[in-house]
Protein chains: 2
Amino acid sequence: MAYVEHTTNAHYGKIPAVTKGLMGNRRASFGELGARSANYKAHDVVYYEGDEAKRLYQLVSGTVMLFKLLPDGRRQVVEVLRPGDIFGLAHADEHDCTAETLTDAEVHEVEMRQVEASPEMQYQLASCLTNQMKVLHEHAVLLGRKSAIERVASFLMYLIPDRGGVGCIGPDLSRSEDSCDLQLHMTRQEIADYLGLTIETVSRVVSDLKRRGVIRIDRSDKIHLNRICSLCQMTGIH
Amino acid sequence: MAYVEHTTNAHYGKIPAVTKGLMGNRRASFGELGARSANYKAHDVVYYEGDEAKRLYQLVSGTVMLFKLLPDGRRQVVEVLRPGDIFGLAHADEHDCTAETLTDAEVHEVEMRQVEASPEMQYQLASCLTNQMKVLHEHAVLLGRKSAIERVASFLMYLIPDRGGVGCIGPDLSRSEDSCDLQLHMTRQEIADYLGLTIETVSRVVSDLKRRGVIRIDRSDKIHLNRICSLCQMTGIH
DNA sequence: CGACCGGTTGAACTGCATCAAGCTGAGTGG
DNA sequence: CCACTCAGCTTGATGCAGTTCAACCGGTCG
């Protein structure tokens, strides 16, 4: 089984061309508005929590995570960004999170002044933020109310390409397949910090899913979903 | 000790007049842009999760919470809104949360079309969302990584007027007081659903804080903070 | 080959949930 | 005015999901 990045990972691929309205699932792009493009290697830090916020960033390709640290070292990954997502917003001129790439990533960067001066960009900004807020709401439910199995199942479902975190499409899947390959791009530690669990719990749950035949582990970061529907059943949203 | 609403509760008071830039701590208002004003009683539902999203709302006074439900009844309060906050945004024309007032509330309502057509409103929207994103990030840390005591302490700190969730101002408090009265406007159940805990745990932690002399309980929804600094010390961010 | 890093697995512990009473205060009716 | 009720809250006893601590495993790299 070959793992072709752009078909096997939701986090890959360029920004989708489809756009709707402000409140629709538009995925706007800063590219056509004269943003500077920058390339980062995997595990580069784009900015640190507390840094002065000078620019706005839009992820073009690859994956970026935003996380916060508590003084004793506890970490919470607050967002795992997909192409099209905007980051670097700051409420009081200071970044509230650290932004670190999970993979090589291409990013469009725009000076804050430019954004302030461009209604076009603000439109796109509002549109992207709307979407990201929804994801944050779902993640709050995950962190506040879901069990470990439900968290991991939700996480895996979220990674399925062309599903945008949406649950079961129903029994008559348009893809007519109930299986799928995933490329994780995250260590167990990163997953744990995203799901509010420990590394051991993530590992145990993944092993358990394997034992139950729901997934197959080809390499620790390459997982094959055997039964997407079963997995979806475990997310807590059914 | 008298409890005067607009001085004792962070959730009360009109939208602050102070505004800065897009990324600053601006608290924009739709009022001057011809929004319709609506008044709700305590515990009114503004819209339900799944309802078609037709309008955008900005809270003028009072408190509103947004929550999501899992099919088995588990609930997560994802946001507790303050005056100036915007809600009702929907990614796919459908509200992703239920919006319910906690107190009597005044709300400005704007048709989605109007927002789409108004760069001015989009600017304000982007500004408000930036702030709300930051709060959601902090809340993710709370839900994912904090203990019960830390959650309750963080929650109480968040309610202190004129602090916007900011931690210790330092030993030389500008208010020169280390105490404060709070009006909760939330039942133990609502607090528990906000903090990702059970009602019993919230109750136990509050009793514990009382026993330690950090707070005094005047009525279940009226709490006096005896030592704000001690409380702040318990939030996990120090 | 050995060191090392990320991951897995086991055994014991614990913080919070669950289950089950009891309490308190506001509202109601005799 | 007191008895009753009922909703929201508190407190105690018990259980368990997930953490913690510790050992081990397998692939990779110098």
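Lettering follows sequence order; numbering is per chain, from 1. The structure displayed is predicted, hence computed values, not measured ones.
- Between the P atom of C:dC16 and the CG atom of B:Asp193 lies a distance of 17 Å, rounded to the nearest Å.
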Notebook entry, point to check: What does nucleotides 13-30 of chain D look like as a protein-contact string, B for base, S for sugar-phosphate only, - for none, at under 4.0 angstrom between heavy atoms?
Noted result: B----SBBB---------
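- We find that CE of B:Met186 is positioned 11 Å from P of D:dC9, with the value rounded to whole Å.
- Rounded to an integer number of Å, the gap from CD1 of B:Ile199 to P of D:dT11 is 13 Å.
- Considering all non-hydrogen atoms of both residues, A:Val206 and A:Arg188 come closest at CG1-NH2, 4.2 Å.
- The OG1 atom of B:Thr101 sits 9.5 Å away from atom NZ of B:Lys41, with the distance rounded to the nearest 0.5 Å.
- Taking atom CZ of residue B:Arg74 and atom P of nucleotide C:dC16, one finds them 18 Å apart after rounding to whole Å.
- Distance check, rounded to the nearest 0.5 Å: CZ of B:Arg36 to CD of B:Glu109 gives 5.0 Å.
- A cation-pi geometry, defined here as NZ or CZ lying under 6.0 Å from the six-membered ring centre and within 45° of its normal, does not hold between A:Arg55 and A:Tyr47.
- Atom NZ of A:Lys210 and atom P of C:dG7 are 13 Å apart (whole Å).
- Rounding to the nearest 0.5 Å gives a distance of 5.0 Å between CD1 of A:Ile223 and CG of A:Leu184.
- Phosphate contact (OP1/OP2 of C:dG25, side-chain N/O of B:Ser220, threshold under 4.0 Å): absent.
- For A:Arg204, the salt bridge (Lys or Arg N to Asp or Glu O under 4.0 Å) test picks out no residue, with sequence neighbours left out.
- Rounded to whole Å, the distance from CG on B:Asp218 to P on C:dG25 is 13 Å.
- One interatomic measurement links the two molecules: CG of A:Leu184 to P of C:dG6, which rounds to 15 Å at whole-angstrom precision.
- Here D:dT10 presents its C1' atom at 13 Å from CG of B:Asp208, a figure rounded to the nearest Å.
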